[in-house]
Amino acid sequence: MESSSVSPQCSQKYFQMELEALRSIYEGDESFRELSPVSFQYRIGENGDPKAFLIEISWTETYPQTPPIISMNAFFNNTISSAVKQSILAKLQEAVEIHLGTAMTYTLFEYAKDNKEQFMENHHPINSTIPISSIISVETPNTAPSSKKKDKKEQLSKAQKRKLADKTDHKGQLPRGWNWVDVVKHLSKTGSKDDE
């Protein structure tokens, strides 16, 4: 039988066997994540490591006879340049070609772990996020007052502002029924007609 003419039942058997193997191998591994029974993510590197990256592998209907879909589009990888991502994907595709026809998800994740330093040697983090120091300085009360604050005549204390914010919605409006009487509380305090 040719390897290219695999029946759907045979593919399902491959899927199930590899899925069970991945679950048992990576049980308790915080770097591994099963997104669905045919899609998996693995974080290469420790949390906080500037050279850590995330690989996502999704099986096609004809996997393992055809290559899986390998992606690095996860938000986790947003500090990695597209050139470095393309380089990593190209090296993983080379490994796919070698292992075509066999269960290869574990092999690809391990290959990436073993070659992490080589994969990330040209990595220079792209700073696409706002530094924490600028966020903190924006939120401190010592910043220059805005024109809206100058127009406002009434000065509220922090406690009054918090209380007002808790009562209002995002538009500054009081919610519907904010001044309605709680009937149960009212009756428990005043009593009912039957009590007379």
Side-chain angles (χ1 to χ4, degrees), residues 2-140 170:
E2 292 180 355
S3 63
S4 61
S5 61
V6 176
S7 68
Q9 294 85 8
C10 192
S11 283
Q12 287 300 325
K13 193 187 298 184
Y14 277 123
F15 283 9
Q16 196 58 39
M17 287 171 45
E18 187 169 2
L19 180 60
E20 289 173 14
L22 288 171
R23 285 175 176 165
S24 67
I25 291 168
Y26 292 118
E27 184 178 354
D29 188 339
E30 292 178 8
S31 297
F32 177 76
R33 190 164 162 214
E34 181 181 330
L35 303 176
S36 76
V38 295
S39 186
F40 313 92
Q41 284 183 341
Y42 198 87
R43 184 187 69 237
I44 310 298
E46 297 299 316
N47 257 339
D49 179 355
K51 291 192 174 189
F53 58 95
L54 192 77
I55 297 174
E56 186 174 318
I57 296 178
S58 301
W59 299 340
T60 60
E61 286 185 24
T62 53
Y63 172 84
Q65 302 333 102
T66 58
I69 298 165
I70 304 173
S71 168
M72 290 189 67
N73 294 334
F75 181 76
F76 186 87
N77 297 328
N78 71 339
T79 61
I80 302 172
S81 71
S82 58
V84 172
K85 287 181 194 177
Q86 290 304 317
S87 169
I88 293 170
L89 291 172
K91 290 171 183 168
L92 288 171
Q93 287 300 337
E94 290 173 12
V96 166
E97 295 302 320
I98 295 168
H99 298 286
L100 207 55
T102 64
M104 68 181 90
T105 304
Y106 169 78
T107 306
L108 294 173
F109 287 150
E110 292 302 307
Y111 174 70
K113 282 168 50 177
D114 293 344
N115 293 288
K116 175 185 160 239
E117 292 304 318
Q118 178 191 353
F119 285 0
M120 298 298 279
E121 66 186 352
N122 295 323
H123 172 62
H124 305 289
I126 299 170
N127 194 2
S128 63
T129 57
I130 300 169
I132 292 174
S133 59
S134 68
I135 293 172
I136 293 169
S137 66
V138 168
E139 294 178 355
T140 54
H170 69 295

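Fair warning: this is a prediction, and the values are worked out from it, not measured in the lab.
With respect to Lys113 and Glu110, a salt bridge is recorded, a charged nitrogen being found less than 4.0 Å from a carboxylate O.
Side-chain atoms of Ile57 and Leu108, non-hydrogen and from C-beta on, do get closer than 4.5 Å to each other. Taking the side chain as every heavy atom from C-beta outward, Trp59 and Thr105 approach each other to under 4.5 Å. Residues Asn73 and Glu56 form no side-chain contact, since every pair of their non-hydrogen atoms from C-beta on lies 4.5 Å or further apart. Side-chain contact between Leu92 and Met72 is absent, with no heavy-atom pair separated by less than 4.5 Å. Put simply, the side chain of Tyr63 reaches to within 4.5 Å of the side chain of Glu18, judged on heavy atoms. In this structure, Arg33 and Arg43 have side chains that are not in contact, with every pair of non-hydrogen atoms separated by 4.5 Å or more. Val38 has its side chain out of reach of Glu61: every pair of non-hydrogen atoms, C-beta onward, lies at least 4.5 Å apart.
Rounded to the nearest 0.5 Å, atoms CD (Glu46) and OG (Ser31) are 6.0 Å apart. To the nearest 0.5 Å, atoms NZ (Lys51) and NZ (Lys116) are separated by 7.5 Å. Here Leu22 contributes atom CG and Asp29 contributes atom CG; the two are 11.5 Å apart, rounded to the nearest 0.5 Å. Taking CG of Asp114 as the start and CZ of Phe119 as the end, the distance is 9.0 Å to the nearest 0.5 Å. A distance of 10.5 Å separates CD1 of Ile88 from CG of Asn115, quoted to the nearest 0.5 Å. Interatomic distance, Ile55 CD1 to Gln41 CD, rounded to the nearest 0.5 Å: 10.5 Å.
Using a distance-only test at 3.5 Å, with no hydrogens or angles considered, a donor-acceptor pair links the side chain of Asn77 to the main chain of Leu54. Proximity of a side-chain donor or acceptor of Thr102 to a complementary backbone N or O of Met104 within less than 3.5 Å is not detected. A donor-acceptor pair is defined here as one N or O able to donate and one able to accept, closer than 3.5 Å; such a pair exists between the side chain of Ser36 and the backbone of Ser39.
Across all their heavy atoms, Val96 and Pro68 have their closest contact at CG1-CD, 4.0 Å. Shortest non-hydrogen contact noted between Ala103 and Pro64 is N-CB, 4.3 Å. For Pro37 against Leu19, the heavy-atom pair with the smallest separation is O-CD1, 3.7 Å.
Under a cut-off of 6.0 angstrom, the local environment of CD in Glu30 is sparse, with at most 12 non-hydrogen atoms contributed by other residues, nucleotides or ligands. By the 6.0 Å contact criterion, OH on Tyr106 is open, its count of non-hydrogen atoms from other residues, nucleotides or ligands being 12 or less.
Looking at Gln93 and Glu97, their side chains never bring a donor and an acceptor atom within 3.5 Å of each other.
A ring-ring contact (aromatic ring centres under 6.0 Å, His included) with Tyr42 holds for exactly one of Tyr111, Tyr26, Phe53; it is Tyr26.
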